[in-house]
Amino acid sequence: MRNRYAIVGLGALLAVATALPAAAEPVDDELVIDGQAMTVRTAAPEGHPFDELLSGWLFREAETRELEADSFQNPGMLYVDRGADIWNAVDGTMGKSCASCHDDAADTMKGIAANYPKWDADAKRPINIELQIDKCRVENMGAEAYKFDTPDQKALTTYIKHQSLGTPVAVDLSQGDLQSWWDRGKDIYYTRTGQLNFACASCHEANSGQYIRADHLSQGQANGFPTYRLKQADMVSLHNRFRGCIRDTRAEFPKAFSDELMALEVYVTWRGTGLSVETPAVRQ
Amino acid sequence: MTINRRQALGLAAGAVAFAAAGLPGRPASASPEETQKRIAEFTGGKTPETGRLTLTAPEIAENGNTVPISIEVESAMEGDDVVEQVMILAEGNPNPDVAVFNFSEASGIAAATTRMRLAKTQNVIAVAKMKDGSTFIDQKEVKVTIGGCGG
Amino acid sequence: MATPKPRVKLPKTASAGEIITIKTLISHQMESGQRKDKNGDPIPRQIINKFTCEFNGTPVFSCDIDPAISANPYFEFNAKVPESGTFKFTWIDDDGSVYEHEAGIEVK
């Protein structure tokens, strides 16, 4: 099974490398969710390789776009509902839920996730929503950290990020040592890896807008994660997607929340500065 | 990457042949004949007419796992002019059955939307059965694309 | 997912005889029975095989479901509302579990 995919994958990638198919423009469309307009196109920040930043939503087919635009039909909203239940559920030895300290997430979490990753002065490394949840669970609830990609972790992360729906992504690189993690993330983004010798930039910068087999290559933005992916019919976390991409280059992939992937999260999130948080986005 | 076009095509063709050679345990797909048999069972052997029933499906599905489809039948949904059932079939899936919608006068309109799985490019077929025994059919070909990116 | 959780959307009010649109979504893996696990053993089928909608006890719409319906099954359909009352939605799982949801509507 694995070999077949590898060979088919190689054929597809070579097709891109040798016979570049016509690029297709991302659509000119507006994403409005429950009456709220999302920023799906915006001018890039200074020092960005692109002039204009585009949400991955613009690279998808009409049916997929419609699914995200309808907050009832969007299956990712099932995870938002489940996340709300977890938010209010007592867990751990201290008899507390998220809501015990943070009350109504609609107020206290509004816009918060758009500014993650942040600098964690205690751990002296960047912290994302998943790790922030774990920190809270361990230190304030007496609960265990979630195992990577457990349904509860994905649901609670989705719920918290959803409270920032529409808020523009803005990472403050002046916090702590975040800038050096950005630098490291940038190095990783441009470093070719794996048997196919692809960097993140090979697909999402140099060939963004091209097709890799039937996949219309986006700019690889992080603003919609965790995202509902039709392929898995499930929520896919950002670090799961990072690992999937790296695996597709036929490289060893780093652990979730490792230094490499945290650095990459800082850098890739910055690459989407100004795009709206779309969680839960819907992708193919 | 120093592989020329011919080598690349050869590799791609090899990959296709490898895939086509058969994977252990991969389910065989339903045949159009099997699908026709299902239709005959549903209609009681009648050949369904076209018109009145409309099946809406995307021409190209971005992912075969989640393909939106809708059906609508022109009907007063009163008296004798009532749609009783609409059957959905997919002739290239391991099993052609997808769903049967059951309507009543209380439905008001004989229309429904759902999301379905398509194993490959194939015809999706809808057949409607009316209270008066008449039957209608519509079909759409949906192309299922295979993306380059797993994960 | 934990216990499947339904989502239902319909208007809170309608005029007598009005035809409304109802949307339903439920979290469910819809395991098709066609897949295999990492050891190559078939994963047994477990789907929601039936969905029904009743209004004040009268059948409005139902669906017999096969494994070709996508995970997290979605159904959108219509109902003619003669009077104030309650819609009852039922999803039946292969394992015998029944998931229910009720929603009222007021005719003005």
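By convention in this document, chain letters (A, B, ...) are assigned in the order of the sequence lines, proteins followed by strands, and residues within each chain are numbered from 1.
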Q: Would you mind checking which part of A:D85 comes under 4.5 Å of any heavy atom in chain C, side chain (CB onward), backbone (N, CA, C, O), both or neither?
A: side chain

Q: Answer yes or no: are there more than 12 heavy-atom neighbours, outside C:E83 itself, under 6.0 Å from its atom CD?
A: yes

(Q) Distance check, rounded to the nearest 0.5 Å: A:Y79 atom OH versus C:K5 atom NZ? (A) 13.0 Å

Q: Answer yes or no: does atom NZ of C:K50 have more than 12 heavy-atom neighbours from other residues, nucleotides or ligands under 6.0 Å?
A: yes

Q.
For the CG atom of C:L25 and the CG atom of A:L78, what is their distance to the nearest 0.5 Å?
A. 4.0 Å

Q. Where does A:N74 contact chain C at under 4.5 Å (heavy atoms): side chain, backbone, both or neither?
A. backbone

Q: Please tell me if the side chains of A:M77 and C:R7 come closer than 4.5 Å, counting only heavy atoms from C-beta onward.
A: yes

Q. Do the non-hydrogen side-chain atoms of A:D234 and C:Q29 ever get within less than 4.5 Å of each other?
A. no

Q. Counting heavy atoms not belonging to A:Q36, are there more than 12 under 6.0 Å from its CD?
A. yes

